[in-house]
Protein chains: 2
Amino acid sequence: MSDSLLQKCLARNIRMTSQRGTIIKVIEQSEDHPDVDLLYRRSVELDNTISIATVYRTMKLLEEAGVVERLEFGDGRARYEESGDHHEHLVDVETGEVIEFFDAELEEMKRAIAEKMGYDLVDHRLELFGRKKR
Amino acid sequence: MSDSLLQKCLARNIRMTSQRGTIIKVIEQSEDHPDVDLLYRRSVELDNTISIATVYRTMKLLEEAGVVERLEFGDGRARYEESGDHHEHLVDVETGEVIEFFDAELEEMKRAIAEKMGYDLVDHRLELFGRKKR
DNA sequence: CTAAATGCAAAACCTTTGCCTCAAA
DNA sequence: TTTGAGGCAAAGGTTTTGCATTTAG
């Protein structure tokens with residue numbers, strides 16, 4: 001089975017502090033796609049000495065370490081999720097709900113398209129915005 | 001053949017002013033994906049009375065009218081392009097160059113995926129980030 | 001011990017807005 | 001003439017940063 005976020009950070013020699021530990025725990029326990037402010041508020045519940053600057057600095061660190069992914073849904077602030085199996089996002093335009101999905105054929109197609117244009121795909125992002133049928 | 005951006009705006013009864021005319025001309029002549037500041041600087045060259053607030057207001061107006069598209073490449077500011085044939089973007093991670101492409105199969109796949117999840121696709125966004133092979 | 005991390009507040013960005021003036025229809 | 005648009009500057013929201021202090025290793 002796969003390592004916890006904390007283990008991944010330790011494996012990368014990220015210096016561990018109580019604040020980072022708290023933020024990492026918050027990320028691990030988040031099932032949604034929180035923005036920094038939400039991560040901050042959840043972290044403060046566990047350790048009321050944490051400042052939002054630390055949350056920003058930690059998220060940047062974790063992103064650069066490749067253990068979290070930064071998402072943008074077009075609302076002007078970054079949201080985060082733990083890195084893991086790659087998947088895409090479908091945003092329900094009426095409720096704001098974010099649904100994760102994965103489609104192997106789609107992944108391969110993206111790789112092939114970049115290939116055809118003479119590029120190695122290093123990253124990619126797909127967001128679908130949909131309205132629930134009824 | 002298709003209407004110019006100006007014609008599309010007039011057809012939608014967008015009140016025309018000299019500033020809007022200038023900004024529209026700048027968009028028409030832009031072959032890249034300018035952000036607001038760049039649009040502003042290009043507009044000022046043609047009419048030095050234009051303020052950046054007007055550029056922001058005009059881009060919002062044109063976006064809501066559906067005649068321009070707002071793009072986000074993850075650098076924290078909006079970029080724009082004239083609406084037209086739908087296409088995707090591949091960003092060269094080394095040069096920042098943005099290459100447009102279209103793939104009908106990919107489009108259909110996105111629609112089908114949303115469909116399968118019980119959604120009507122109302123919008124979608126795909127960006128590939130690649131490194132040129134050599 | 002020493003280098004790095006934190007807190008706090010200020011600053012830096014990008015974007016929006018209030019208000020008064022000006023211009024399009 | 002009337003309603004909407006523009007300019008300016010201030011304010012808003014998100015993210016970054018300088019600096020003094022604390023802490024991990």
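Below, chain A is the first sequence line, B the second, and so on; all start at residue 1.
- Using a 4.0 Å cut-off between charged nitrogen and carboxylate oxygen, A/K8 and A/D3 do not count as a salt-bridge pair.
- Atom CZ in B/F73 sits about 16 Å away from atom P in C/dC14, given to the nearest Å.
- Exactly one of A/T58, A/L5, A/T17 qualifies for a side-chain contact (heavy atoms from CB on, under 4.5 Å) with A/I23. That residue is A/T58.
- If you check every strand for non-hydrogen atoms under 4.0 Å, A/R20 touches sugar and phosphate atoms only.
- When DNA chain D is scanned in the 5' to 3' direction for atoms under 4.0 Å from non-hydrogen atoms of chain A, the outermost contacting nucleotides are D/dT14 to D/dG25.
- Protein atom CG of B/L61 is 17 Å distant from nucleotide atom P of C/dT15, rounded to whole Å.
- When heavy atoms are screened at a 4.0 angstrom cut-off, A/I52 is found touching no nucleic acid atom at all.
- Distance CD (B/E72) to P (C/dC14): 14 Å, rounded to an integer number of Å.
- Taking the nucleotide of DNA chain D with the nearest heavy atom to each of A/V36 and A/R57, the more 5' of the two is matched to A/V36.
- When the nucleotides C/dT16, C/dC19, C/dA25 are ranked by their closest atom to the side chain of B/M16, C/dA25 comes out on top.
- Rounded to a whole Å, the OH atom of A/Y40 is 11 Å from the C1' atom of C/dC8.
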Just list the side-chain donor-acceptor pairs under 3.5 Å for residues 126-134 of chain B, sequence neighbours left out, or say none.
from   : atom 1 : to     : atom 2 : distance (Å)
B/E127 : OE1    : A/R125 : NE     : 3.2
B/E127 : OE1    : A/R125 : NH2    : 2.7
B/R131 : NE     : B/E94  : OE2    : 2.7
B/K133 : NZ     : A/E115 : OE1    : 2.9
B/K133 : NZ     : A/E115 : OE2    : 2.7

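- Atom CG of A/D75 is separated from atom P of C/dT15 by 13 Å (rounded to the nearest Å).
- Between the CZ atom of B/R77 and the P atom of C/dC14 there is a distance of 6 Å, rounded to whole Å.
- Residues B/H86 and B/E69 bring no donor and acceptor atom of their side chains to less than 3.5 Å of each other.
- Residue-level contact check: B/R15 touches the bases, meaning some heavy atom is under 4.0 Å from a base atom.
- When each of B/D37 and B/I14 is assigned the nucleotide of DNA chain C with its nearest heavy atom, B/D37 is the one assigned upstream, toward the 5' end.
- Counting non-hydrogen atoms under 4.0 angstrom, B/S18 reaches nothing in the nucleic acid.
- Checked against a 6.0 Å centroid threshold, the rings of A/Y80 and A/H33 do not count as neighbours.
- Partner of A/R42 under the salt bridge (Lys or Arg N to Asp or Glu O under 4.0 Å) criterion, out of A/D32, A/D47, A/D37: A/D32 alone.
- Using modelled atom types, one finds no donor on one side chain facing an acceptor on the other under 3.5 Å when comparing A/H87 with A/E107.
- The interatomic distance linking B/D47 (CG) with C/dA23 (C1') rounds to 14 Å, in whole Å.
- A close approach under 4.0 Å does not occur between any side-chain nitrogen or oxygen of A/T17 and OP1 or OP2 of C/dA5.
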